[in-house]
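Following: one structure in structure tokens, then a few remarks.
The first residue of the sequence shown is numbered 1, and numbering continues consecutively from there. This structure is a prediction, so every number in the text was calculated from the model and none was measured.
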Amino acid sequence: EHVAEIGAGGDGIFASSQGGNLYVGYNFGIDTTFLGSITNAGIETINTTGDSYVGTHFTQGYTAKNMSLLGGANYGINSRSSTGHIEVNNLYSNDIGASGNGVNVAGINAESTGNNTSGIYVYNYDSDIYVDNSGGDQYGIRAFNLGSGQVDVDNYYSYIGGADYGIYAE
């Protein structure tokens with residue numbers, strides 16, 4: 001069995017672009033364990049006008065790797081853009097946080113702060129999300145688009161607990 005772990009003080013994986021497309025684990029999903037030393041996000045992307053794609057999953061035949069140890073982090077996945085399209089696919093037992101030890105703000109946050117006309121899509125499948133209610137608003141999945149593009153959130157076979165909002169889409 002392969003062992004893959006990421007431990008860091010801020011973000012486990014950070015990617016940013018000033019307009020080019022970002023692909024983080026999109027063709028081959030991220031298959032690693034994110035350790036509890038991470039304080040901001042397991043995966044964070046920041047983009048301006050380019051598209052951002054984030055994909056996680058575990059490989060069959062191996063022990064599932066996930067974000068269940070991120071109890072000290074603000075986010076499991078935090079993907080932000082000005083006007084670029086955002087797509088997040090969190091699949092197949094990639095739990096974020098754990099019961100009694102959830103993330104602090106949002107399991108998945110996808111946010112566009114400008115006129116994003118191409119929209120936001122979040123797909124969470126067979127991956128539980130745990131959030132601590134630690135003051136302020138908390139979200140299992142938050143998808144927010146200040147622009148006119150469609151916001152789609154799908155959550156299948158997944159538990160979301162501890163948050164003020166299980167799914168918040170605007």
Check the hydrophobic clustering (I, L, V, M, F, W, Y; side-chain heavy atoms under 4.5 Å; chains of links allowed) and say if Ile13 and Ile108 are grouped together.
-> yes

If you measure from CD on Glu170 to CZ on Phe144, what distance do you get to the nearest 0.5 Å?
-> 4.5 Å

OG/Ser148 to CG/Asn116 distance, rounded to the nearest 0.5 angstrom?
-> 8.0 Å

Nearest atoms (heavy-atom pairs only) where Ala163 meets Gln138 | CB-O, 3.6 Å

CD1 (Ile77) and CD (Glu44) are apart, to the nearest 0.5 Å, by 11.5 Å

Tested for side-chain contact (heavy atoms from CB on, under 4.5 Å) against Asn40, the lone hit among Asn104, Val105, Leu70, Asp11 is Asp11

Spell out, as yes or no, whether a donor-acceptor pair under 3.5 Å connects the side chain of Asn124 to the backbone of Ser127.
-> yes

State whether the side chain of Asp137 and the backbone N or O of Asp164 hold a donor-acceptor pair below 3.5 Å, judged by distance alone.
-> no

Least distance between heavy atoms, Thr45 atom then Ser52 atom | OG1-CB, 4.1 Å

Any donor-acceptor N or O pair under 3.5 Å, side chains Ser82, Thr48 = no

Under 3.5 Å: donor-acceptor pair, side chain of Asn47, backbone of Gly20 = yes

Can you tell me how far CG of Asp128 sits from OG of Ser99, rounded to the nearest 0.5 angstrom?
-> 10.0 Å

With hydrophobic residues grouped by side-chain heavy-atom distances under 4.5 Å, do Tyr139 and Ile43 end up in a single group?
-> no

Interatomic spacing from OG in Ser118 to CD in Gln150 - rounded to 0.5 Å | 11.0 Å

From the list Asn90, Asn89, Asn66, side chain to side chain donor-acceptor pair (under 3.5 Å) with Thr56 holds only for Asn90

Can you name the closest pair of heavy atoms from Ala169 and Val151 and give their distance?
-> CB-CG1, 3.9 Å

Rounded to the nearest 0.5 Å, the CZ atom of Arg142 sits from the CD1 atom of Ile167 at a distance of 14.0 Å

Ala110 and Ile86 have their tightest heavy-atom pair at CB-CG2, 3.9 Å

Does the side chain to side chain contact (heavy atoms under 4.5 Å, CB included) test come out yes or no for Met67 and Asn94, once each step is laid out?
-> CA-CA 6 Å; Met67 298 184 183; Asn94 184 48; 4.0 Å; yes

Beyond-backbone contact of Ile96 with Tyr75, side-chain heavy atoms, under 4.5 angstrom | no

Look at the aromatic rings of Tyr168 and Tyr165 and report parallel, tilted or perpendicular, splitting at 30° and 60°.
-> perpendicular

Using links of under 4.5 Å between side-chain heavy atoms of ILVMFWY residues, direct or through other members, which residues join Tyr130 in one cluster?
-> Tyr159

Is the closest side-chain donor-acceptor distance between Asn115 and Thr83 under 3.5 Å?
-> no

Tell me, with the steps shown, if Ile129 and Ser158 meet side chain to side chain contact (heavy atoms under 4.5 Å, CB included).
-> CA-CA 7 Å; Ile129 297 175; Ser158 304; over 6 Å; no

Do you know the tightest heavy-atom contact between Ala143 and Val122?
-> CB-CG2, 4.4 Å

Should Val88 and Ile160 be counted in the same cluster of Ile, Leu, Val, Met, Phe, Trp and Tyr side chains packed under 4.5 Å apart?
-> yes

Indicate the atoms forming the closest heavy-atom contact of Asn109 with Ala106, along with that distance.
-> CB-CB, 4.2 Å

Transitive ILVMFWY side-chain link Tyr121 to Leu91, under 4.5 Å = yes

Do Ile6 and Leu22 share a hydrophobic cluster, counting only Ile, Leu, Val, Met, Phe, Trp and Tyr and linking them when any side-chain heavy atoms are less than 4.5 Å apart?
-> no

Look only at the side chain of Asp51 and the backbone of Gly84, and say whether a donor-acceptor pair between them is shorter than 3.5 Å.
-> no

Please work out which of the three classes, parallel, tilted or perpendicular, describes the rings of Tyr53 and Tyr23, given edges at 30° and 60°.
-> parallel

Does any non-hydrogen side-chain atom of Tyr123 lie less than 4.5 Å from one of Asp152?
-> no

